[in-house]
Amino acid sequence: MSLSTRYTPQEIESKWYQHWLDQRYFHSEPDDREPFTVVIPPPNVTGVLHMGHMLNNTIQDILIRKARQDGKNACWVPGTDHASIATEAKVVHLLREQGIRKSDIGREAFLQHAFEWKEKYGGIILDQLKRLGASCDWQRTRFTMEPSLSAAVVRVFVDLHRQGRIYRGLRMTNWDPEAKTVLSNEEVIYGEENAQLFHLRYPLEGDPSQGIVIATQRPETIMADVAVAVHPEDERYQHLIGKMVLIPLIDRAIPIIADEYVERDFGTGALKITPAHDQNDYAIGQRYNLPVIDILTEDGKLNEQAQILVGEDRFIARKKIRKLLEESGHLIKLEDYRTKIGRSERTKAVVEPRLTLQWFVEMKQFAHSALEAVRSGEVVFYPEHFWNMYNSWLNEDNVRDWCISRQLWWGQRIPAWYLANEKMGEESHIFVADTADEALAQAQEKTGNPTLEITDLRQEEDVVDTWFSSWLWPISVFDGFQSQKELEYYYPTSVLVTGWDIMFFWVARMIMSGYEWAPALIPEAVKAKGAMPFKGVYFTGMVRDNLRRKMSKSLGNSPDALALLDNYGADGVRFGMLSSAAAGNDIIFDAPIGKDGVLNESKLCEQGRNFCNKMWNALRLIKGWEVSEQAPDTETAQVNQLAATWMEHKLNQTLAQVEGMFIDYRLSEALMTLYKFIWDDFCSWYLEMIKPTYGAPIDRPTLQQSISLFERMMTLLQPFMPFVTEEIWHQLSERAAGNDCVISSYPKSTSFDANFIENIERAKDIVAGVRDVRNNNGLKQKELLRVFAQDTPTSQALLAVDGLLPMVVKMASLEFLQITNAEISNGVAFLVGNEKYYVELEKAIDVVEERQRLQKELEYYQGFVKSVQNKLNNEKFVSGAPAEVVNKEKQKLADGEMKIKNLEEELGKLG
RNA sequence: GGGUGAUUAGCUCAGUUGGUUUAGAGCGCUGCUUUGACAGAGCAGAGGUCACAGGUUCGAGUCCUGUAUCGCUCACCA
């Protein structure tokens with residue numbers, strides 16, 4: 001025997017992965033088969049494999065491998081996302097360590113560094129996916145910033161701009177006055193700090209005896225006020241609505257308006273509106289068409305617009321204006337107050353809300369098509385309930401225009417040009433075009449100045465949001481904007497597998513872009529197959545730790561994915577990931593440490609590894625048998641035949657279940673079903689049934705039958721656990737080149753005899769009954785027992801099934817099993833169905849213990865019968881329930897009563 | 001506060017349109033088993049009033065309403 005007693009995944013996995021690549025099994029070209037297409041959610045180039053990747057890529061791989069075995073043209077397109085913010089931050093950090101500042105080296109040099117970095121580290125995560133077994137078509141690997149995909153970004157930008165659906169507008173952004181840059185929301189850290197709430201009185205214009213008191217934390221911004229707002233139903237202020245009040249110190253008149261945004265209970269119930277310096281005030285200002293007065297400079301000082309304290313820093317100004325307000329009698333009250341203040345992650349400066357010019361995509365039309373796609377069922381969500389979240393994001397009340405500009409360098413630069421002599425932020429001409437030359441031509445025409453040169457233009461500094469490139473992914477990975485040949489074949493893709501956290505950022509936007517551009521690019525294909533980018537979306541849960549936090553590197557709470565692969569093998573990890581991952585439910589992977597000090601997460605992978613080992617040892621058993629060309633004795637032949645027939649039925653039954661589960665994407669259930677079939681039915685029962693006595697040979701037909709079964713099981717399991725199945729496939733018999741498990745065709749279920757399966761289940765109950773008696777009476781396995789079956793038509797029929805009786809004798813280690821009417825003098829009884837079986841004991845029966853056992857069982861059935869009787873005594877049930885259900889209950893009652901009778905008889909015998 | 005999901009065995013979770021015995025799995029636990037494929041194993045066992053309260057129904061873990069607890073998510077009070 002050359003096979004080691006344990007399955008060792010390491011060499012086996014790399015061996016077969018390389019083999020599959022050599023055979024180009026994962027490569028796809030359009031042909032006349034039905035396509036099954038999946039595009040990977042491109043991981044960040046900066047990424048390293050974490051649990052979330054392992055989960056959703058395992059699922060994608062299972063679907064792709066299954067489709068491949070189903071004879072479809074399976075195509076899984078891998079790739080990476082340039083992830084502008086994350087990557088730029090990483091490269092900036094790296095350069096800083098070398099003493100290089102981004103601003104010193106300029107855009108070109110910075111991008112060169114960034115690309116070098118990407119070349120060096122960008123592929124790591126894809127190599128890690130290979131270790132997991134991902135059967136991607138690596139020849140198709142794409143990157144969101146490669147030329148073709150970038151060209152697509154520029155093209156759709158120009159297209160939308162031409163249609164007037166991209167515009168430049170003001171937006172409140174997080175401004176870092178120290179770094180003089182816009183921050184993304186993620187770069188702002190909020191914390192509670194002490195502050196003061198100023199109550200200021202604004203006198204009524206023309207009647208200083210009246211006025212209104214507002215509360216503010218930022219008295220230095222009152223010069224930027226454009227209104228005072230109160231709640232429309234606030235009785236205190238009804239008489240003031242519509243009147244004008246004067247801003248203290250500068251006496252500018254502003255209106256009092258009514259808006260439901262105002263909380264009556266907070267502060268004084270009156271709110272100053274300062275659109276330039278507050279997010280919400282800006283929104284209110286928009287609603288009422290109020291002007292915007294910006295009184296701050298880009299480094300946080302008061303400007304000329306403020307009229308007073310010009311040139312003072314905002315915090316100095318706050319102190320000074322307090323004094324001024326006190327002196328002028330406008331400061332009514334000052335209270336201490338805890339509030340949340342946002343600071344820049346990097347400079348720690350208090351972030352200033354600031355209006356800046358940004359680029360936007362109009363969302364109304366897009367949102368409508370995206371909602372319709374899912375509402376109509378053209379795109380199906382698994383699980384369905386995610387529709388609610390999707391709907392609430394995208395409905396007209398909530399959808400907001402998409403700000404697509406980012407103040408970064410790493411990304412696709414916005415294809416807009418300005419006249420170089422116009423001041424930044426105040427450009428009056430904008431030329432949007434695919435290339436600088438086209439922009440120049442536009443500029444010459446629009447300005448009527450044919451002598452303009454390229455140097456007279458200045459390109460927009462900002463790049464587009466990363467999602468503005470990844471929303472084209474299902475089209476652009478097939479170079480769909482350049483040539484439609486592949487797109488026509490592969491589009492729409494079959495299913496998208498991703499986490500629900502990016503439902504809005506990515507999933508919804510891909511749907512939008514699909515419906516926007518696919519109809520124009522591939523009209524015929526869209527007519528036949530639809531415009532959606534994918535037919536289904538499988539939302540995986542978030543992988544969280546035991547505190548239910550998302551796993552992330554910054555928290556350091558993610559288990560080392562590669563270490564898991566090393567310890568348990570890819571198949572073990574795939575099993576572990578899947579076994580607790582129902583679609584959409586978050587999975588807690590880093591569960592509390594158990595008693596034995598082992599993490600539960602590892603336990604799941606351990607179970608997967610043990611499963612590999614179990615199959616491996618089943619293989620060793622079969623390979624260890626000597627083969628005999630002689631037919632075995634009749635009884636053995638009968639048992640073998642019975643076992644074989646049973647397994648064929650059972651296999652088809654299992655297959656039918658698994659087929660249904662695949663259709664519903666119930667992958668973990670499908671895996672569990674196969675697990676139980678292989679471990680319990682095949683290993684624990686079938687192999688034990690046919691196993692020759694020690695040292696004896698096995699007959700060839702039975703061996704062949706077993707190998708054939710094993711082979712089919714490997715085919716069924718291959719999508720889930722590709723490596724161990726491939727290895728066993730090849731260990732089972734010599735294979736011609738190209739005969740590999742990975743491409744073996746997935747069988748379709750045929751009919752099966754449920755009755756036959758049921759008979760075997762009864763026989764297994766007899767065996768279990770005998771084992772129980774052994775356990776309770778301390779009888780050794782080797783001790784052959786005599787068992788008697790009560791003579792009834794049912795037991796007659798059961799034991800008459802060919803081979804069943806000798807099978808039970810073998811499995812339960814019996815001397816014999818006989819049907820009899822006679823009293824068994826020293827027999828311990830157990831029930832199988834309604835039939836009594838007796839195990840004859842040599843020694844005296846422990847009457848007390850036996851009574852207890854029977855009594856307990858009796859009580860159970862008495863309770864059971866009572867509940868059934870209650871049901872049947874209920875008029876309404878008998879008349880209301882379908883006859884089928886009532887009959888079932890009657891049968892249950894009869895069975896229960898029979899069991900009670902039998903148990904009472906046995907108790908009676910014990911005296 | 002809005003939205004959304006969860007609450008089933010010690011732990012992690014299934015339970016698919018309400019009706020196969022008064023609910024299942026894996027791990028853990030308890031007992032037994034060790035020259036015989038596998039101790040990364042085998043056999044058996046214990047363990048749950050399905051969060052709580054109502055309601056609909058002949059029948060509810062499953063549907064409805066409310067409550068509690070926990071989570072996620074969006075918006076956050078000048």
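Chain A is the first sequence line, chain B the second, and so forth, proteins listed ahead of strands; every chain is numbered from 1.
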Fill in the blank from the handout: Protein heavy-atom contacts under 4.0 Å, written 5' to 3' over nucleotides 30-37 of chain B as B (base), S (sugar-phosphate only) or - (none), form the string -B-S--BB
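- Rounded to an integer number of Å, the gap from CZ of Phe611(A) to P of A41(B) is 13 Å.
- Residue Lys892(A) places at least one side-chain N or O under 4.0 Å from the OP1 or OP2 atom of U22(B).
- Rounded to whole Å, the distance from CD on Glu606(A) to P on C38(B) is 19 Å.
- Tyr675(A) and Phe575(A) have tilted rings, their planes meeting at an angle from 30° to 60° on a 0 to 90° scale.
- Arg774(A) is listed as a side-chain neighbour of Glu783(A), based on a closest heavy-atom distance under 4.5 Å.
- The side-chain heavy atoms of Ile212(A) and Arg201(A), taken from C-beta on, include no pair separated by under 4.5 Å.
- Taking side-chain N and O atoms only, Asn388(A) has no distance below 4.0 Å to OP1 or OP2 of G3(B).
- The residue Glu669(A) sits close only to the backbone: its heavy atoms come under 4.0 Å of sugar-phosphate atoms, none of a base.
- When each of Arg771(A) and Tyr861(A) is assigned the nucleotide of RNA chain B with its nearest heavy atom, Tyr861(A) is the one assigned upstream, toward the 5' end.
- Residue contacts shown for Tyr860(A) include a base, since a base heavy atom lies under 4.0 Å away.
- Whole-Å rounding puts the Asn610(A) CG to G40(B) C1' distance at 4 Å.
- Taking side-chain N and O atoms only, Trp679(A) has a distance below 4.0 Å to OP1 or OP2 of G42(B).
- Regarding contacts with the backbone of G28(B), a side-chain N or O of Lys603(A) is found under 4.0 angstrom from either OP1 or OP2.
- Following rounding to the nearest Å, Asp281(A) (CG) and C76(B) (P) show an atom-to-atom distance of 12 Å.
- Within the nucleic acid shown, Ala229(A) has no heavy atom closer than 4.0 Å to any nucleic acid atom.
- As a whole-Å value, the separation of Leu872(A) CG from U22(B) C1' is 15 Å.
- Between the P atoms of G48(B) and G24(B), the separation comes to 14 Å (whole Å).
- Considering Thr221(A), Ile247(A), Ile254(A), Asp278(A) as possible partners of Lys272(A), the one that fulfils the side-chain contact (heavy atoms from CB on, under 4.5 Å) test is Thr221(A).
- As rounded to the nearest Å, A51(B) and A14(B) have P atoms that lie 14 Å from one another.
- For G15(B), the OP1/OP2 oxygens have a side-chain nitrogen or oxygen of Arg666(A) closer than 4.0 Å.
- With P as the reference atom, A39(B) and G28(B) are 16 Å apart, rounded to whole Å.
- For the P atoms, the distance from U22(B) to C50(B) is 14 Å, rounded to whole Å.
- The phosphate of C76(B) has OP1 or OP2 within less than 4.0 Å of a side-chain N or O from Asn280(A).
- Within the 4.5 Å cutoff, the side chain of Asn194(A) has no heavy atoms near those of the Asp336(A) side chain.
- For Phe682(A) and Phe710(A), the distance between ring centers is under 6.0 angstrom.
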Problem - Pair Trp500(A)-Phe539(A), ring pair (Phe, Tyr, Trp, His ring centres under 6.0 Å): steps then yes or no - result: CA-CA 5 Å; Trp500(A) 55 260; Phe539(A) 287 107; 8.6 Å; no
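- In this structure a side-chain-to-backbone donor-acceptor pair under 3.5 Å is present from Lys623(A) to Gln731(A).
- No contact: Lys272(A) has no heavy atom under 4.0 Å from any strand.
- At least one side-chain nitrogen or oxygen of Arg6(A) sits closer than 4.0 Å to the OP1 or OP2 atom of G40(B).
- Using cut-offs of 30° and 60° for the angle between ring planes, the Trp387(A) and Tyr390(A) rings count as tilted.
- Side chains of Asp259(A) and Tyr288(A): a donor-acceptor N/O pair is present below 3.5 angstrom, by distance only.
- Taking atom CH2 on Trp500(A) and atom P on G71(B), their separation rounds to 14 Å, with Å as the unit.
- Ring to ring, Tyr665(A) and Tyr382(A) are close: their centroids are under 6.0 angstrom apart.
- Aromatic ring centres of Phe720(A) and Phe662(A): separated by under 6.0 Å.
- Comparing atom distances between the Arg609(A) side chain and each of G40(B), C58(B), G3(B) picks out G40(B) as nearest.
- Proximity note for Tyr675(A) (side chain, C-beta onward) versus C77(B), G26(B), C58(B): the nearest is G26(B).
- Heavy-atom nearest nucleotides on RNA chain B were determined for Gly863(A) and for Met389(A), and the one closer to the 5' end corresponds to Met389(A).
- Between G10(B) and C77(B), the distance separating the two C1' atoms is 45 Å to the nearest Å.
- When the P atom is compared between U8(B) and C29(B), the two are found 22 Å apart, to the nearest whole Å.
- Nucleotides U62(B) and G15(B) have their P atoms positioned 14 Å apart, rounded to a whole Å.
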Problem - Secondary-structure notation, RNA chain B, from Watson-Crick and G-U pairs under 3.5 angstrom (| other strand) - result: (((((((..((((.....[....)))).(((((.......))))).....(((((..]....))))))))))))....
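- Spacing between atom CE of Met615(A) and atom C1' of G40(B) amounts to 13 Å, rounded to whole angstrom units.
- As rounded to the nearest Å, U12(B) and A6(B) have C1' atoms that lie 14 Å from one another.
- The listed nucleotides are U16(B), G19(B), C77(B); the one nearest the side chain of Phe877(A) is G19(B).
- C11(B) atom P lies 18 Å from atom CD of Gln607(A), rounded to whole Å.
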